[in-house]
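Shown next, in structure tokens, is the structure this report addresses.
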Amino acid sequence: MTHDPVRIGLVSISDRASSGAYEDKGLPALQAWFGEVLANPVEFVTRLIPDEQALIEATLIELADREKCSLILTTGGTGPAPRDVTPEATLAVAHKVLPGFGEQMRAVSLKYVPTAILSRQVGVTRGASLILNLPGQPKAIKETLDGIFAAVPYCVDLVGGPYLEGRPETIAVFRPKSALRTSS
């Protein structure tokens, strides 16, 4: 059985990492996670940018509209600090807001740290792209994705993206029976 190819946009948002003050760990963590769980052939489109709302908005628009990424994940910039503007930028470019993703990401993180209530992560769609804001630390990225990914492939289906398939030995993916592909 062949798997649909997918383009995934990965955006690490950090003033310090984008200026070279320290090594970005978000992009490698995201690529490693997808390498372990996704059965589809993946082309990653990566960006490392500072916490600037206009630049975040422009990057998300570029990845959704021009690069045609079906899934776009951001890491960083979701807290209450003055320069944390990732949710504002994401909401500014959204066509539809999916509150369940933000609620579930915080619920997952609360199992590990009480400061998860400070997170302002959101999930939205823009055209045929699903955009999710993730935490900035590699451990938290993995925990969050492990906790929400079951719903991601079906959401990508619903907005017109490719049929994402997880490796069954690593992650469960949920689709209603009517949305399952049958082997032919």
Side-chain angles (χ1 to χ4, degrees), residues 1-13 26-48 56-57 59-76 78 86-87 89-91 93-109 121-135 138 140-184:
M1 180 179 205
T2 60
H3 302 289
D4 293 353
V6 61
R7 288 174 62 86
I8 298 178
L10 304 176
V11 186
S12 186
I13 301 163
L27 295 174
L30 286 164
Q31 289 175 320
W33 189 88
F34 279 105
E36 290 176 16
V37 304
L38 206 58
N40 303 68
V42 179
E43 180 183 352
F44 293 110
V45 182
T46 62
R47 301 289 186 269
L48 175 57
I56 299 167
E57 289 176 23
T59 301
L60 295 176
I61 290 169
E62 173 201 6
L63 293 174
D65 298 359
R66 289 186 286 289
E67 293 289 343
K68 304 296 184 198
C69 295
S70 301
L71 179 60
I72 301 167
L73 303 172
T74 69
T75 176
T78 60
T86 302
T90 303
L91 291 169
V93 304
H95 292 159
K96 293 184 179 174
V97 178
L98 303 170
F101 277 111
E103 294 163 4
Q104 184 60 21
M105 287 186 279
R106 282 182 288 282
V108 166
S109 294
Q121 297 159 283
V122 298
V124 306
T125 63
R126 178 178 177 87
S129 301
L130 171 62
I131 304 172
L132 300 172
N133 299 153
L134 297 174
I141 289 169
K142 179 181 178 357
E143 292 164 352
T144 302
L145 283 171
D146 287 348
I148 66 163
F149 193 75
V152 168
Y154 185 52
C155 183
V156 171
D157 292 353
L158 291 172
V159 298
Y163 193 88
L164 299 182
E165 299 177 77
R167 292 190 174 118
E169 69 276 9
T170 60
I171 198 149
V173 169
F174 176 82
R175 284 183 172 89
K177 287 181 183 173
S178 62
L180 293 174
R181 272 193 187 165
T182 56
S183 303
S184 33

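Heavy-atom basis, side chains included; hydrogens, waters and symmetry copies ignored.
In this structure, the side chain to side chain contact (heavy atoms under 4.5 Å, CB included) partners of Ala179, at least two apart in sequence or on a different chain, are Tyr154, Arg175, Pro176. Take Gln31 and apply the side chain to side chain donor-acceptor pair (under 3.5 Å) test, not counting sequence neighbours, and it matches no residue. For Ala39, the side chain to side chain contact (heavy atoms under 4.5 Å, CB included) partners are His3, Glu165, Arg167, not counting sequence neighbours. Under the rule for a salt bridge (Lys or Arg N to Asp or Glu O under 4.0 Å), the partners of Glu62 that lie at least two apart in sequence or sit in another chain are Arg47. Considering only residues two or more places apart in sequence or on other chains, Glu43 meets the side chain to side chain donor-acceptor pair (under 3.5 Å) condition with Arg7. Taking the side chain to side chain contact (heavy atoms under 4.5 Å, CB included) definition, one finds that Ser12 meets it with Asp24, Leu27, Leu48, Thr75, sequence neighbours left out. In this view, Glu36 satisfies the side chain to side chain contact (heavy atoms under 4.5 Å, CB included) rule with no residue, not counting sequence neighbours. Applying the salt bridge (Lys or Arg N to Asp or Glu O under 4.0 Å) test to Glu143 and every residue at least two apart in sequence or in another chain returns Lys139.
If you take CG on Leu145 and CG on Leu134, they are separated by 5.0 Å, rounding to the nearest 0.5 Å. Separating the CG atom in Leu73 from the OG1 atom in Thr144 is a distance of 11.0 Å, to the nearest 0.5 Å. Considering NZ of Lys142 and CG of Asp146, their distance stands at 3.5 Å, rounded to 0.5 Å. One distance of note links CG of Leu158 with CG of Leu130; it measures 10.5 Å at 0.5 Å rounding. Within the model, atoms CG of Leu30 and CZ of Phe44 stand 8.0 Å from one another, a figure rounded to the nearest 0.5 Å. Within the model, atoms CG of Leu164 and CD1 of Ile8 stand 6.5 Å from one another, a figure rounded to the nearest 0.5 Å.
Using a 4.5 Å heavy-atom threshold, the side chains of Leu71 and Phe34 count as touching. Under the 4.5 Å side-chain criterion, counting only non-hydrogen atoms from C-beta, Ile13 is not in contact with Thr59. Val156 has its side chain out of reach of Val6: every pair of non-hydrogen atoms, C-beta onward, lies at least 4.5 Å apart. The side-chain heavy atoms of Ile56 and Val11, taken from C-beta on, include no pair separated by under 4.5 Å.
Without hydrogens or angle criteria, Thr86 side chain to Thr78 main chain gives no donor-acceptor distance under 3.5 Å. Side chain of Asn40 to backbone of Tyr163: a donor-acceptor contact under 3.5 angstrom is found.
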Problem set entry | Phe149 vs Leu38, side chain to side chain contact (heavy atoms under 4.5 Å, CB included): CA-CA, chis, key distance, verdict | CA-CA 10 Å; Phe149 193 75; Leu38 206 58; 3.9 Å; yes
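What you find for Pro162 and Asp157 is that their closest heavy atoms are O-OD1, 3.6 Å. Counting all heavy atoms, side chain and backbone alike, Gly166 lies closest to Ile171 at CA-CG2, 4.0 Å. Heavy-atom minimum distance, Ile72 versus Ala64: CD1-N, 3.6 Å. Minimum heavy-atom separation, Pro135 to Ile141: O-CG1, 3.3 Å.
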Show me the side-chain donor-acceptor pairs of residues 121-128 shorter than 3.5 Å, one per line, residues at least two apart or across chains.
unit_1, atom_1, unit_2, atom_2, d
Gln121, OE1, Ser119, OG, 2.6
Gln121, NE2, Asn133, O, 3.2
Arg126, NE, Asp65, OD1, 3.0
Arg126, NE, Asp65, OD2, 3.3
Arg126, NH1, Val93, O, 2.8
Arg126, NH2, Asp65, OD2, 2.7

